[in-house]
Protein chains: 2
Amino acid sequence: MRDADPVPEHEPGLTIAQVADRTGLTADTLRYYERACLIERVGRSTGNQRRYSAADLVWLEFLLRLRETGMPISGMQRYARLRAEGDATLGERLTLLREHRDDLAARIRRLRDHEDALHDKITHYEGLLSTQPGTDHA
Amino acid sequence: MRDADPVPEHEPGLTIAQVADRTGLTADTLRYYERACLIERVGRSTGNQRRYSAADLVWLEFLLRLRETGMPISGMQRYARLRAEGDATLGERLTLLREHRDDLAARIRRLRDHEDALHDKITHYEGLLSTQPGTDHA
DNA sequence: CCTTGACCTGGAGCGCACTCCAAGTTCTAG
DNA sequence: CTAGAACTTGGAGTGCGCTCCAGGTCAAGG
């Protein structure tokens with residue numbers, strides 16, 4: 001009686017270079033993320049080389065989303081730890097996610113204000129330039 | 001016949017601590033910004049202590065806007081250098097500003113996509129939790 | 001006079017998120 | 001079987017943006 005194998009041998013998975021290609025991360029960063037426990041230990045080939053499963057890829061893409069929205073490594077570590085603990089932590093993860101989304105929404109609002117202010121300044125400069133278009137030495 | 005003094009003696013200006021208070025930067029960061037040529041050399045009191053003018057404050061606030069919108073120090077240095085060169089560089093500064101604004105707009109769009117995706121994931125989690133609300137050991 | 005506290009300078013140190021390296025192993029094409 | 005590319009590990013190094021520190025100056029209060 002075997003356990004249900006999530007990554008059966010007939011599905012070898014992707015090498016680290018292939019995953020680097022698909023995610024835009026470097027192989028070094030992928031190894032770093034594994035060391036930092038952002039991803040659980042990735043499966044290995046018989047020769048001890050990493051073989052990433054489709055599930056690994058999905059998780060990596062989620063991590064990248066967290067990263068691009070400004071979550072620090074430590075925050076992703078907390079989330080990853082909860083995830084590793086299973087369904088019992090769904091509520092906690094939901095809380096983290098909501099906090100992060102609210103944070104993000106606030107940041108986006110601030111950025112939009114800044115965008116408007118930059119736009120105004122640009123318009124002001126354009127006005128200056130059309131009146132006195134540079135040191136015109138013609 | 002005196003030069004038009006931009007910071008006359010009867011307007012002593014703000015101390016570094018006061019500027020730190022108003023901007024949210026630390027005194028150390030304000031000195032660092034001056035060393036990095038993000039701000040031109042600030043006026044000094046007779047005892048060689050910094051006295052910030054109103055114009056310094058306006059410029060600092062603009063720098064903070066650039067910083068909060070993701071411009072690195074090196075980018076702010078480029079902008080500050082052009083500004084120091086005077087009106088002849090208005091066109092160049094305008095170009096930098098437009099590039100930065102466009103960049104920012106693109107980043108905001110990406111963030112909004114991420115926000116939507118997070119929202120969807122949150123909704124999904126909420127569905128899971130309402131069906132099976134945690135390991136209910138009642 | 002002396003103390004206290006805010007300020008000055010140049011330079012060292014820090015936390016973050018990678019990024020690179022050396023030395024050794026494994027995979028694959030010919 | 002062999003060459004060389006790709007991979008492994010632990011650990012050191014990097015760039016950014018501050019942040020802290022030592023040792024000194026200056027102004028005000030008691």
Side-chain angles (χ1 to χ4, degrees), chain A residues 7 9 11-53 56 60-81 100 103, chain B residues 7 9 12-53 56 60-81 100 103 107:
Chain A
V7 186
E9 281 167 43
E11 252 187 55
L14 299 171
T15 66
I16 197 165
Q18 290 170 326
V19 175
D21 247 34
R22 274 163 186 66
T23 59
L25 295 168
T26 66
D28 272 322
T29 301
L30 284 165
R31 291 194 202 96
Y32 165 68
Y33 278 10
E34 191 172 336
R35 262 196 277 185
C37 302
L38 292 186
I39 39 185
E40 293 184 288
R41 185 173 167 82
V42 172
R44 307 287 154 136
S45 70
T46 51
N48 195 37
Q49 297 192 352
R50 288 173 180 79
R51 293 295 180 261
Y52 289 81
S53 70
D56 289 334
L60 273 171
E61 268 150 35
F62 176 64
L63 280 184
L64 286 184
R65 195 186 294 293
L66 294 182
R67 185 182 76 162
E68 282 189 48
T69 50
M71 185 180 287
I73 298 283
S74 56
M76 296 194 271
Q77 284 171 329
R78 282 181 41 192
Y79 193 95
R81 192 163 22 74
H100 184 60
D103 219 74
Chain B
V7 186
E9 281 168 40
L14 299 171
T15 67
I16 197 166
Q18 289 169 326
V19 175
D21 247 34
R22 273 162 187 66
T23 59
L25 296 168
T26 67
D28 272 323
T29 301
L30 283 165
R31 292 194 202 97
Y32 165 68
Y33 278 10
E34 192 173 334
R35 261 196 278 187
C37 302
L38 292 186
I39 39 185
E40 293 185 289
R41 185 174 167 82
V42 172
R44 307 290 154 132
S45 72
T46 52
N48 195 37
Q49 297 193 353
R50 288 174 181 78
R51 293 295 179 262
Y52 290 80
S53 70
D56 289 335
L60 273 171
E61 267 150 36
F62 176 64
L63 280 184
L64 287 184
R65 197 186 292 293
L66 294 182
R67 184 183 77 162
E68 280 190 50
T69 51
M71 185 181 286
I73 298 283
S74 56
M76 295 193 270
Q77 284 170 328
R78 280 180 45 192
Y79 193 95
R81 191 162 24 72
H100 184 60
D103 219 73
R107 228 146 8 89

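Lettering follows sequence order; numbering is per chain, from 1. What you see below is based on every heavy atom in this structure, not just the backbone, and it leaves out hydrogens, waters and symmetry mates.
Qualifying side-chain hydrogen bond (donor to acceptor under 3.5 Å, both in side chains) partners for A/Arg78, counting only residues two or more places apart in sequence or in other chains: none. Not a single salt bridge (charged side-chain N to carboxylate O under 4.0 Å, His left out) links A/Arg81 to another residue, sequence neighbours left out. In this structure, the side chain to side chain contact (heavy atoms under 4.5 Å, CB included) partners of B/Thr15, at least two apart in sequence or on a different chain, are B/Ala17, B/Gln18, B/Arg51. Every residue meeting the salt bridge (charged side-chain N to carboxylate O under 4.0 Å, His left out) condition with A/Arg44, not counting sequence neighbours, appears here in chain and number order: A/Glu34. Residues satisfying the side chain to side chain contact (heavy atoms under 4.5 Å, CB included) test with A/Ser74, not counting sequence neighbours, are A/Pro72, A/Gln77. Every residue was checked against the side chain to side chain contact (heavy atoms under 4.5 Å, CB included) condition with A/Asp21, not counting sequence neighbours, and none meets it. Listed by chain and number, the residues in a side chain to side chain contact (heavy atoms under 4.5 Å, CB included) with A/Arg67 are A/Leu25, A/Tyr33, A/Leu64, A/Met76 (sequence neighbours excluded).
Note: B/Asp28 CG to B/Ile16 CD1 = 8.0 Å, rounded to the nearest 0.5 Å. Atom NE2 in B/His100 sits 2.5 Å away from atom OG1 in B/Thr69 (nearest 0.5 Å).
The minimum heavy-atom distance between B/Ala20 and B/Thr26, with the atom names listed, is CB-C, 4.2 Å. Here the shortest heavy-atom pairing between B/Ala80 and B/Cys37 reads CB-O, 3.6 Å. Minimum interatomic distance between A/Leu38 and A/Leu63 (heavy atoms only, all atoms of both residues): O-CD1, 3.6 Å.
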How does each nucleotide of nucleotides 14-21 of chain D score, in 5' to 3' order, for protein heavy atoms under 4.0 Å: base (B), sugar-phosphate only (S), or none (-)?
---BBBB-

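D/dT8 atom P lies 10 Å from atom CZ of A/Arg41, rounded to whole Å.
With contacts defined as side-chain heavy-atom distances shorter than 4.5 Å, the pair B/Thr23/B/Tyr52 does not qualify. Between A/Ile39 and A/Leu60, some side-chain heavy-atom pair lies under the 4.5 Å cut-off.
Consecutive pairing runs in DNA chain C reach the stem threshold at C:1-30 with D:1-30, where a stem means at least three Watson-Crick or G-U wobble pairs with distances under 3.5 Å.
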Within the sub-3.5 Å range, which N or O atoms of nucleotides 27-30 of chain D have a protein N or O partner, and how far apart are they?
none

Which atoms of nucleotides 22-24 of chain D (N or O only) lie under 3.5 Å from a protein N or O atom, and what are those distances?
none

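When heavy atoms are screened at a 4.0 angstrom cut-off, B/Ser45 is found touching no nucleic acid atom at all. Among the atoms of the strands shown, none is found under 4.0 Å from any heavy atom of A/Ala27.
Heavy-atom contacts of chain A under 4.0 Å fall on DNA chain C between two terminal nucleotides, which in 5' to 3' order are C/dA17 to C/dC27.
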